[in-house]
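Down below is the structure, laid out as structure tokens.
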Amino acid sequence: MTSESKTVVVVGHGMVGHRFVQAMRDRDTDNTWNVVVVCEESDPAYDRVGLSSYVGAWERDSLALAGNTYPGDANVTTYLAETVTAIDRDRRRVMTSVGREIGYDALVLATGSYPFVPPVPGHDHPRCFVYRTLDDLDGIRAAAEKAGPGAVGVVVGGGLLGLEAANALKLMGMVPHVVEFAPRLMPMQVDDGGGAVLEKLVTDLGLVVHTGVGTAQIADGDDADLRVTLSDDSHIDAALVVFSAGVRPRDQLARDAGLAVGERGGVLVDASCVTDDASIYAIGEVAAVDGRCYGLVAPGYSTAEVVADRLLGGQGTFPGADMSTKLKLLGVDVASFGDAMGTTENALEIVYHDPVSGRYAKVVVSDDATTLLGGILVGDASAYAMLKPMVGREIPGDPAALIAPEGAAGGVGLDALPDDVEICSCNGVSKGTICSAIAEGACDIAAIKGCTSAGTTCGGCVPSIKSLLEASGVELSKSLCEHFAQSRAELFEVISVTGIRTFSELIERYGTGQGCEICKPTVASILASTSSDHILSGEQAALQDTNDHFLANLQKNGSYSVVPRMPGGEVTPEQLIVIGEIARDFGLYTKITGGQRIDLFGARVDQLPEIWRRLVDAGMESGQAYGKSLRTVKSCVGSTWCRYGVGDSVGMAVFLENRYRGLRSPHKIKFGVSGCARECAEARGKDVGVIATEHGWNLYVAGNGGQSPKHAQLLASGVDDDTLVAYIDRYLMFYIRTADRLQRTAPWLESLEGGLDHLKSVVCDDSLGLAAELEAAMQAHVAGYQDEWAAVLADEEKLKRFVSFVNAPEVPDPTIRFGHTERKVPVLLDLPTVRPDAATHAETVRQSETMKEGAPT
């Protein structure tokens, strides 16, 4: 920053305020502006659109927007939990709630909006809430938990925000009642036909809907409930009330400073987003651009970009707003775009309504049926990605084909759209830009995201990108390798149906050639997943990679590691003593792994049987750290020891690890079980995460650490032990059946058609009718489980393969030594700390310098 630097103060740090700061810092390469952000919330910018995802997880960081603390950027200063209370326009200064004064050269108002609470008698009752911030949800959560599962919650307002709030209450275990004054739900987005379908769909999912009535009074009722009286004199007894009846621009600060406001509120700005004070701008929901406020994120982002451009010398103007919306509420797809209500003169409406499947679709076209003007989709919004870019353009064919059921003749695809239509509205990426990237060699989704930014924000355009790839002639092959034209999932079905149990028969009947390092271990994994045969039995032994071939992890100096299973992290004192004696007798380096086990490094192949004989005699099993299978079930101490624990996490972790041990899968699987929401077992970073609550277990799926860490997603909440196990059985077997080779659960779920909602329907609702079959397959695995090392020790033929060198099977050649791996003694040894037998510990570390330090993952 130079002495000529100027200061822009940003009032508010929501999604739009953050977008403005990012735009300024990305473009201000000369550091001519110093940015000061004043945020009244204690949390920096977070995803307010995704507020409902906070429910169940209750992790604020999971909603944090990327880079919201601007780490390492000396040109950005952020003040949290502080409010701007006044603007001195003459002195160009703002005053804050803590007495701070900040001077500005430019001031950007990003104060957003506030929830509208109708002046109903009793609206200020302590158990009446609004639905706007993380703090609001924490308050609702506390009231819901006090009321207990099955309690009634009333949501006043049946629009977008109201249904979001109702969804949140349902996730908290409540029975939501939605009160909407209009004759239908979502009156601003859908028509009567769409509203009727939507009401039936959400009613089937457990909501109670009251339309065409208002809220007349809220008062204390019987049995500690609130009594909500409606305008038709009916009443609802409820534990709490959530007002979600719309928002109003938060413009009081501007009003107090004498800035012009619009007739319906909002700070009045022109197309450059400047107010009647040339040094003050307004962006987002508080900005009334030419008198109109926009309540969606996309127009707000546009205003942020305009102001950033203007402050850096550009001539940007507000391009207008796309008010199209697409969302999924309680698992129900809803979308509207363009002139959805058919207000254009002489417009024609074409409607498709299937009450059996719960699908409603309408397109609005010009009077000559050649131009698409808008539309509504309820129940199935898959056509949204294709229809939205076509608004205002000529329809290539029969307009009825636009909403024809899938598979009907004459459908319209993206290939019919001109190149200048916008495919990714979040980042303004056109079809032509994407097609050009494909022509230049971007041949998969990841490559297109990298070079165009399309699909990197909300992800709603990813199906369209995939369609463009296919339409451009890019072959998205599903072949496992050159020897099998089938995908892994297809080969799984072939093996399951035909009963084939050898690779040679499979490749003879369904493949070509001799096989390779891709298909052999993949088929070996499928064979292991579909039976309890030992992986070193018969022909299967030759298919395994090095680790599975010797049932141990190969280290970089040629030695192997040994990892006994410790279910849930439990181990007896006697077993610890045996592990210590083995490490001493064989000169092994020992390390506690991240999965709560002990790893022993440095064993030769010929030593493995004797090491495992002693471990098996001590009651320990193979931890299968070498296989693509269940690795560990990590747990905290839970209610057994912890004063915060609400569930027996150790007991559940031990049960789950013993149930799924030895389960072969497309990739390694890790579990975590936490006894409370403090989450000490890091369950939400695992393929399967289980967290205890006062209402039962919350089940999270498809998370992982590693190179591309992913948070697990909530699949079910408040379930009992039996339901939890049934859901995990189905989820794991469905993954094993359908995932690609070496595909972890997180990318598998991302690639799954329908994503988490489809997975929920399969696992929780049994939409495919597979629940019994998947559970039976898992039960067959459980019944047939055998410890792989115990089986080896009991089989002389299998033991014959554990020799260091095939030409010296009896005695290891003393002239052969493993290479050394240099490793510094840990810094911890230099600290002034007290430990038992420090000299022995230091000697053990010195001896371990020849061993590989990292534990298998």
Side-chain angles (χ1 to χ4, degrees), residues 47 50 52-59 61-63 171 328 331 445-446 455 458-459 462-463 487-489 492 525 529 594-595 628-634 653 656-657 659-660 663-674 679 681-691 697-717 719 723-768 770-771 774 778 857:
D47 181 8
S52 292
S53 65
Y54 178 56
V55 179
W58 305 114
E59 290 185 1
D61 289 346
S62 66
L63 267 70
L171 292 173
K328 187 180 289 288
I445 300 291
C458 76
V462 170
S487 67
R488 181 200 169 277
F492 188 100
S525 174
S529 298
K628 296 295 184 283
S629 57
L630 175 69
R631 293 294 177 86
T632 62
V633 180
K634 185 175 182 179
L656 293 177
E657 185 156 351
R659 181 171 182 80
Y660 302 115
L663 180 65
R664 295 280 167 164
S665 56
H667 211 293
K668 60 189 174 187
I669 304 170
K670 297 182 181 181
F671 285 37
V673 183
S674 288
E679 247 285 71
E682 302 164 330
R684 291 196 65 212
K686 302 291 192 290
D687 301 276
V688 175
V690 179
I691 301 176
W697 300 102
N698 284 359
L699 173 60
Y700 295 84
V701 296
N704 62 253
Q707 189 173 7
S708 301
K710 299 284 185 181
H711 266 300
Q713 301 183 56
L714 182 66
L715 184 72
S717 58
V719 298
T723 305
L724 174 71
V725 173
Y727 284 177
I728 296 175
D729 282 358
R730 300 174 193 176
Y731 159 68
L732 289 177
M733 290 309 302
F734 189 54
Y735 161 65
I736 289 170
R737 284 190 175 196
T738 60
D740 288 335
R741 166 184 171 269
L742 298 181
Q743 187 177 39
R744 298 194 69 171
T745 56
W748 166 72
L749 181 57
E750 289 176 353
S751 67
L752 194 65
E753 186 97 23
L756 182 65
D757 293 300
H758 176 58
L759 184 64
K760 282 183 179 179
S761 71
V762 173
V763 171
C764 304
D765 304 327
D766 194 19
S767 61
L768 299 181
L770 291 174
L774 297 174
M778 185 62 75
T857 58

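Every value quoted in this text rests on a predicted model; they were computed, and no experiment measured them. Worth knowing before you read on, the calculation uses all heavy atoms, side chains too, and leaves out hydrogens, waters and symmetry mates.
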Original post:
Does the distance from a Lys or Arg side-chain N to an Asp or Glu carboxylate O, for R659 and D729, drop under 4.0 Å?
Top reply: yes
**OP:** Applying side-chain contact (heavy atoms from CB on, under 4.5 Å), run through T745 and V701 and close with a yes or a no.
**Re:** CA-CA 8 Å; T745 56; V701 296; over 6 Å; no
**OP:** Could you tell me which non-hydrogen atom of E59 sits nearest to which non-hydrogen atom of Y54, and how far apart they are?
**Re:** N-CE1, 3.5 Å
**OP:** Grab the two heavy atoms, one from S674 and one from W697, that are nearest each other, plus how far apart they are.
**Re:** O-CZ3, 4.2 Å
Original post:
To the nearest 0.5 Å, what is the distance between CG (N704) and CG (L749)?
Top reply: 11.0 Å
**OP:** For residues K634 and K670, determine if any side-chain heavy atom of one lies less than 4.5 Å from a side-chain heavy atom of the other.
**Re:** no
Original post:
Does the side-chain contact (heavy atoms from CB on, under 4.5 Å) test come out yes or no for L699 and V690, once each step is laid out?
Top reply: CA-CA 5 Å; L699 173 60; V690 179; 4.2 Å; yes
Original post:
Could you give the distance from CZ (R664) to OG (S629), rounded to the nearest 0.5 Å?
Top reply: 5.0 Å
**OP:** For the pair Y660 and V725, evaluate side-chain contact (heavy atoms from CB on, under 4.5 Å) and give the outcome as yes or no after the intermediate values.
**Re:** CA-CA 10 Å; Y660 302 115; V725 173; 3.9 Å; yes
Original post:
When the ring planes of Y735 and W748 are compared, do they come out parallel, tilted or perpendicular, using 30° and 60° as the limits?
Top reply: perpendicular
**OP:** Nearest 0.5 Å please: distance from the NZ atom of K760 over to the CG atom of L714.
**Re:** 6.0 Å
Original post:
Could you walk me through whether V688 and L656 pass the side-chain contact (heavy atoms from CB on, under 4.5 Å) check?
Top reply: CA-CA 10 Å; V688 175; L656 293 177; 5.7 Å; no
**OP:** Look only at the side chain of R488 and the backbone of I736, and say whether a donor-acceptor pair between them is shorter than 3.5 Å.
**Re:** yes
Original post:
Quick one: OH on Y700 to CG on L715, what's the gap to the nearest 0.5 Å?
Top reply: 11.0 Å
**OP:** Give, for atom OG of S62 and atom NE2 of H711, the distance between the pair rounded to the nearest 0.5 Å.
**Re:** 6.0 Å
Subject >> Main-chain N/O of A489 paired to T738 side chain as donor or acceptor, under 3.5 Å >> reply: no
Subject >> Minimal non-hydrogen separation, G672 against A683, with atom names >> reply: O-CB, 3.3 Å
Original post:
Hey, are the side chains of D687 and R744 touching, using non-hydrogen atoms and a 4.5 Å cut-off?
Top reply: yes
Original post:
Looking only at heavy atoms, which two atoms of Q743 and P666 are closest? And how far apart?
Top reply: O-CB, 4.0 Å
Subject >> Ion pair E679/R684, N-O distance below 4.0 Å >> reply: no
**OP:** Mind listing the closest non-hydrogen atom pair of K628 and H667 along with its distance?
**Re:** CD-CA, 3.8 Å
Original post:
Say you draw a straight line from CZ of R741 to OG of S487; how long is it, rounded to the nearest 0.5 Å?
Top reply: 13.0 Å
Subject >> Passing option when M733 is tested against I728, L770, V763, L774 for side chain to side chain contact (heavy atoms under 4.5 Å, CB included) >> reply: L774
